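Everything on this sheet refers to the single structure shown next.
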Amino acid sequence: MNNKKFKVGIVGCGTIAPYHVEAFQTLENVEVVGVSDVNEMKAKELCSKYNINFWTTDYRKLHDLNLDVISICVPSGLHYEVSIDAMKKKKHVIVEKPLAINLKQADEMILTSGKEGVKLATIFDHRFDLPSRMIKDALNKDLFGKLILVDAHIKWYRTQDYYANGWRGTWNLDGGGILANQAIHWLDLIQWFAGPLKSVYGKIKTFTHEIEAADTAIAILEFFNGSLGVIEASTSIYPGRQKGGFVYNNLPESIGIYGEKGSVVVEGSKNIKLWEFAENGSHELIKENKIKNGTSSHKELIKAIIDSLREDKEVPIDGKEGRKSLELMRAIYYSSFINKKVDFPFIKDDELEKIIIDKIK
Ligand SMILES: NC(=O)c1ccc[n+]([C@@H]2O[C@H](COP(=O)([O-])OP(=O)(O)OC[C@H]3O[C@@H](n4cnc5c(N)ncnc54)[C@H](O)[C@@H]3O)[C@@H](O)[C@H]2O)c1
């Protein structure tokens with residue numbers, strides 16, 4: 001493996017940025033050399049906490065640092081612009097979820113990555129949770145038999161304050177609230193486990209927050225393999241409470257995969273509530289009780305991305321993979337607005353964009 005030193009820059013120094021810095025700083029021959037935030041204080045704080053020497057309020061100045069990789073931790077509506085600029089400067093890009101806020105942006109990002117010969121990786125850290133990998137492994141070994149149902153329930157709670165920073169809960173910067181910000185991880189997992197998707201019927205609604213977009217969504221899914229699925233997601237659900245800052249105690253989210261020969265239910269992302277198969281189902285990781293001792297999934301995913309860059313291999317969850325949950329999200333919005341089932345591939349994204357622009361006016 002190529003052991004050269006990778007120089008990394010971080011754009012956006014808010015809540016998620018420390019997960020990236022800590023992941024990079026645990027790796028050998030990787031150095032975070034600079035950060036950027038439009039809020040000078042945020043940039044300085046991140047530098048001082050993690051011993052980083054360079055900060056700027058203009059992310060383009062990071063391009064002068066001879067960087068190899070840029071990690072993008074800005075509000076989701078800015079992922080597109082910051083990624084495109086970085087890729088055009090021949091930097092590999094690691095972008096937080098969701099990849100972008102519409103399919104036009106995502107497609108241009110994927111195209112630019114190919115054209116500039118740089119990699120584009122999306123952070124869907126829950127794919128690296130141990131239970132998620134175990135489910136994928138069981139699916140690959142066909143332990144579930146015929147898949148019948150898959151479901152994801154994200155019944156969370158957020159205060160109005162959570163949305164006060166100007167970008168969360170908006171169409172243009174958040175990409176539409178509950179689905180883009182919170183549930184997107186489970187949109188990604190559900191399609192990763194059971195996809196490709198055949199059709200969706202969705203409904204979005206705003207219940208308890210004064211926000212532009214939705215705090216609640218449901219979807220009925222049909223997959224090409226014949227199985228059916230359900231997604232329920234909300235940030236309006238009691239009981240839930242704020243623990244401090246923007247840390248909340250929520251009802252645990254759950255994902256379930258149910259087949260004719262086996263079923264798995266995972267709660268709170270790490271807790272396997274049910275793992276039962278007619279045959280060969282007792283996973284070695286459960287036997288060894290290693291499940292609670294895993295490292296952070298951000299760390300594992302970022303390590304895997306850097307390893308792939310070193311070996312000049314495809315990165316895990318590249319732009320095309322990152323696009324899949326975005327396509328599902330956009331199809332749910334469109335279905336909700338036109339009150340009809342929507343088929344995949346979803347080709348009405350431009351029309352959806354017009355509906356959203358009309359709503360914002
Ligand atoms: N993987 C996960 O579990 C996870 C968790 C939280 C957030 N996220 C994603 O990370 C991204 C950021 O979310 P957050 O919660 O950290 O938000 P945040 O508001 O806490 O931080 C965003 C930071 O970006 C800065 N910023 C805004 N415009 C900028 C610009 N043009 N240049 C440089 N900095 C700019 C803001 O000042 C702010 O400090 C979002 O896309 C979100 O979906 C992912």
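Residues take their numbers from the sequence shown, with the count starting at 1. All ligand and atom numbering here is 1-based and tracks the order in the structure. Nothing here was measured: the structure is a model prediction, and the numbers come from that model.
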Could you tell me whether [X] and ligand 1 have an N or O pair separated by under 3.5 Å?
X   : answer
S76 : yes
P98 : no
E96 : yes
N39 : no

What atoms of ligand 1 come within less than 4.0 Å of a heavy atom belonging to [X]?
X    : value
H298 : 1 (N), 2 (C)
D125 : 1 (N), 2 (C), 3 (O)
G12  : 24 (O), 34 (N)

Residue portion contacting ligand 1 (non-hydrogen atoms closer than 4.0 Å) for [X]:
X    : result
L78  : side chain
H185 : side chain
W167 : side chain
H126 : neither
C73  : backbone

Carboxylate-amine/guanidinium contact [X] [Y], below 4.0 Å:
X    : Y    : answer
R60  : D58  : yes
D174 : R168 : no
E311 : K119 : no
D343 : K341 : yes
D129 : K270 : yes

> Closest heavy-atom contact between I70 and A86?
Replying inline: CD1-CB, 4.0 Å
Give me the nearest non-hydrogen protein atom to [atom] as residue plus atom name, then the distance to 0.1 Å.
atom                    : answer
atom 32 (N) of ligand 1 : V38 CG1, 3.8 Å
atom 21 (O) of ligand 1 : G14 CA, 3.2 Å
atom 5 (C) of ligand 1  : I16 CD1, 3.3 Å
atom 15 (O) of ligand 1 : R168 NH2, 3.0 Å

> Which option, V74, T15, T57, owns the non-hydrogen atom nearest atom 35 (C) of ligand 1?
Replying inline: V74
> Among D37, N165, I123, D174, which one has a heavy atom closest to atom 34 (N) of ligand 1?
Replying inline: D37
> Are the side chain of S254 and the backbone N or O of E267 linked by a donor-acceptor pair below 3.5 Å?
Replying inline: no
>> Looking at M109, is its backbone amide N or carbonyl O close enough to the side chain of S113 to form a donor-acceptor pair, meaning the two atoms are under 3.5 Å apart?
In response: no
> For L274, which fellow cluster members are found when Ile, Leu, Val, Met, Phe, Trp and Tyr are connected by side-chain heavy-atom distances below 4.5 angstrom, either directly or through intermediates?
Replying inline: I148, L149, L228, Y258, V265
>> Yes or no: does Y19 have any heavy atom under 4.0 Å from an atom of ligand 1?
In response: no
>> When you measure from the heavy atoms of H79 to every atom of ligand 1, does any distance fall below 4.0 Å?
In response: yes
> Which residue pairs satisfy the salt bridge (charged side-chain N to carboxylate O under 4.0 Å, His left out) criterion with at least one member in residues 91-115, sequence neighbours excluded?
Replying inline: D107-R323
> Taking the six-membered ring for Trp, are H153 and W186 ring centroids under 6.0 Å apart?
Replying inline: no
> If you measure from OG on S199 to CZ on F346, what distance do you get to the nearest 0.5 Å?
Replying inline: 13.0 Å
